[in-house]
Visitor: 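One structure follows; several queries about it will come next.
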Amino acid sequence: MSETTVDTSKRTWLIASSCAGAVGGVAVAVPFVSTFSPSERAKAAGAAVEVDISGIKPGEKLTVEWRGKPVWIIRRTPDQLEALKKVESQLADPDSKRKPSELTPEYARNQARSIKPEFFVGVGICSHLGCSPSDKFQMGPQPSLPDDWQGGFLCPCHGSTFDMAGRVYKNKPAPDNLEVPPHMYLSDSRLLIGEDKKA
């Protein structure tokens, strides 16, 4: 065998080995790099959620998930809206002034804490320790509630109470009102939670 033949065969072997190594390297790198892109579930967790609210009757609540949080959409009755006026003197922050930018968008800094008074959109997580308050929509005396109860929510963990606009009552463990997420109406029957401006 001549010296030239050996060099050629070594060169062929080196090229083949290098190609195989490169293919192997790519095979290992692709799954590793793909872990840097967010999963569909992760994308969905931060994405806005569109909700059909046409089927919610007065006095009913619909719960949807947005960013891993329960968001309540409540269609309040005329009596529930009227009750919001009656309880203002009993509330810790009736005008949502404590943390308005964090918990209440500007368009919801009103008595109903909503864009449309009939509908309340709020995150169902107590501002004390993160429990989820229970619905106590019925007015009047009930266990763990005052005799003049006007409807709202009771946190079972430590007894914080909120009115039908998610405003916390005075002298309760919860330091703030329930959060109102960014939201907007796409139509009379479609609500978008997670965005409040049209792109």
Side-chain angles (χ1 to χ4, degrees), residues 48-66 69-98 100 103-128 131-172 174 176-196:
V49 177
E50 191 173 329
V51 185
D52 181 356
I53 58 172
S54 61
I56 307 173
K57 295 176 183 168
E60 289 185 346
K61 177 179 92 171
L62 174 67
T63 303
V64 297
E65 185 178 345
W66 171 69
K69 302 174 187 177
V71 175
W72 298 336
I73 304 163
I74 300 163
R75 187 171 182 183
R76 295 177 282 209
T77 65
D79 287 344
Q80 289 170 334
L81 284 170
E82 190 62 31
L84 297 179
K85 300 173 189 172
K86 296 177 183 177
V87 299
E88 286 210 328
S89 64
Q90 302 170 48
L91 303 172
D93 185 17
D95 300 318
S96 301
K97 290 182 177 175
R98 285 190 187 163
L103 300 174
T104 311
E106 187 174 344
Y107 48 80
R109 286 182 221 152
N110 50 50
Q111 188 175 66
R113 294 185 81 222
S114 61
I115 297 170
K116 296 183 178 186
E118 186 179 5
F119 286 98
F120 173 64
V121 181
V123 176
I125 298 175
C126 181
S127 56
H128 181 220
C131 299
S132 187
S134 304
D135 301 345
K136 296 294 180 182
F137 295 171
Q138 181 182 336
M139 297 180 185
Q142 297 165 61
S144 303
L145 294 169
D147 289 345
D148 62 346
W149 181 248
Q150 295 296 313
F153 310 95
L154 169 67
C155 185
C157 297
H158 298 94
S160 293
T161 48
F162 303 84
D163 75 347
M164 288 299 296
R167 300 178 296 180
V168 68
Y169 279 81
K170 291 177 181 175
N171 304 315
K172 297 294 176 179
D176 295 300
N177 296 334
L178 297 180
E179 177 186 355
V180 174
H183 65 282
M184 57 190 262
Y185 290 87
L186 302 175
S187 69
D188 287 341
S189 62
R190 305 298 294 178
L191 176 68
L192 187 67
I193 299 167
E195 289 181 24
D196 52 13

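Computed over heavy atoms, backbone and side chain alike; hydrogens, waters and symmetry mates excluded.
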Visitor: Indicate yes or no for a side-chain donor-acceptor contact from R76 to the backbone of M164 under 3.5 Å, with no hydrogens or angles considered.
Guide: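 It does hold such a pair.
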Visitor: Can you pull out every salt bridge (Lys or Arg N to Asp or Glu O under 4.0 Å) where at least one residue sits in residues 135-150? Sequence neighbours excluded, please.
Guide: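 Qualifying pairs: K61-D135.
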Visitor: Please check if the side chain of R167 supplies one atom and the backbone of L84 the other of a donor-acceptor pair under 3.5 Å.
Guide: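 Yes.
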Visitor: With a 4.5 Å heavy-atom cut-off, do V168 and S127 have their side chains touching?
Guide: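 With C-beta onward as the side chain, the pair stays apart.
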Visitor: For the backbone of A48 and the side chain of E50, can you confirm whether one donor and one acceptor N or O come within less than 3.5 Å of each other?
Guide: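 No; judged by distance alone, with no hydrogens or angles, the pair does not exist.
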Visitor: Do you know the tightest heavy-atom contact between W66 and V71?
Guide: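 Between these two residues, the closest heavy atoms are CB-CG2, 3.9 Å.
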Visitor: Check whether any side-chain N or O of N110 sits under 3.5 Å from a backbone N or O of S114 as a donor-acceptor pair, and report yes or no.
Guide: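 Checking the backbone N and O of S114 against the side chain of N110, a donor-acceptor pair under 3.5 Å is found.
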Visitor: To check you understand the geometry: which heavy-atom pair defines the closest contact between V180 and A108, and what is its length?
Guide: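 That would be CG1-CB, 4.0 Å.
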Visitor: For the side chain of Q90 and the backbone of V87, is there at least one donor-acceptor N/O pair under 3.5 Å apart?
Guide: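 Not confirmed, Q90 side chain does not pair with V87 backbone.
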Visitor: Does any N or O in the side chain of R109 come within less than 3.5 Å of the main-chain N or O of T104, such that one atom is a donor and the other an acceptor?
Guide: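 Confirmed, R109 side chain pairs with T104 backbone.
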Visitor: NZ of K116 to CD1 of I53: how many Å apart, nearest 0.5 Å?
Guide: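 The distance works out to 6.0 Å.
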Visitor: Show the nearest heavy-atom pair for residues P181 and P105, with the distance to one decimal.
Guide: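 Shortest heavy-atom separation between P181 and P105 comes out as O-CG, 4.1 Å.
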Visitor: Please give me the minimum heavy-atom distance between K170 and S89, naming the atom from each residue.
Guide: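 In terms of heavy atoms, the two residues are closest at NZ-O, 2.9 Å.
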Visitor: Can you name the closest pair of heavy atoms from G166 and F162 and give their distance?
Guide: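 In this case the closest contact between G166 and F162 is O-CD2, 3.6 Å.
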Visitor: Mind checking the CD1-CG spacing from I115 to L191? Nearest 0.5 Å is all I need.
Guide: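 Rounded to the nearest 0.5 Å, the CD1-CG separation comes to 7.5 Å.
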Visitor: What is the minimum heavy-atom distance between H183 and Y107, and which atoms define it?
Guide: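 H183 and Y107 have their closest heavy atoms at N-OH, 3.0 Å.
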Visitor: Could you check whether any side-chain N or O of R113 sits under 3.5 Å from a backbone N or O of N177, counting only pairs where one atom can act as donor and the other as acceptor?
Guide: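 Not at all, since once roles are kept as given, no pair shorter than 3.5 Å links the two residues.
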Visitor: Taking the inter-plane angle between the rings of Y185 and F119 on a 0 to 90° scale, is it parallel (under 30°), tilted (30 to 60°) or perpendicular (over 60°)?
Guide: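 Rings of Y185 and F119: tilted, 30 to 60°.
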Visitor: Rounded to the nearest 0.5 Å, what separates atom CD in E88 from atom CG in D163?
Guide: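 Result: 8.5 Å between the selected atoms.
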Visitor: State the CD-OG distance between Q111 and S96, to the nearest 0.5 angstrom.
Guide: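 The CD atom of Q111 sits 11.0 Å away from the OG atom of S96.
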Visitor: Measure the CZ-CG distance between R190 and D52 for me, rounded to the nearest 0.5 Å.
Guide: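 The CG atom of D52 is 4.5 Å from CZ of R190, to the nearest 0.5 Å.
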Visitor: Just to verify, what does F120 make a ring-ring contact (aromatic ring centres under 6.0 Å, His included) with, not counting sequence neighbours?
Guide: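 For F120, no residue satisfies ring-ring contact (aromatic ring centres under 6.0 Å, His included) once neighbours in sequence are set aside.
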Visitor: Between P70 and I125, is any pair of side-chain heavy atoms under 4.5 Å apart?
Guide: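 Yes, their side chains come closer than 4.5 Å.
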Visitor: Hey, what do you get for C155 versus C131: SG atoms under 2.5 Å apart or not?
Guide: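 No.
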Visitor: Hey, what do you get for CD1 (I193) to CE (M184), rounding to the nearest 0.5 Å?
Guide: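 Rounded to the nearest 0.5 Å, the CD1-CE separation comes to 12.0 Å.
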Visitor: Can you pull the ring pair (Phe, Tyr, Trp, His ring centres under 6.0 Å) pairs that have at least one residue in residues 69-89, sequence neighbours excluded?
Guide: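 For residues 69-89: W72-F153.
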Visitor: If you count the non-hydrogen atoms of other residues, nucleotides and ligands that lie under 6.0 Å from CD in Q138, is the total more than 12?
Guide: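 Atom CD in Q138 is not crowded, with 12 or fewer foreign heavy atoms closer than 6.0 Å.
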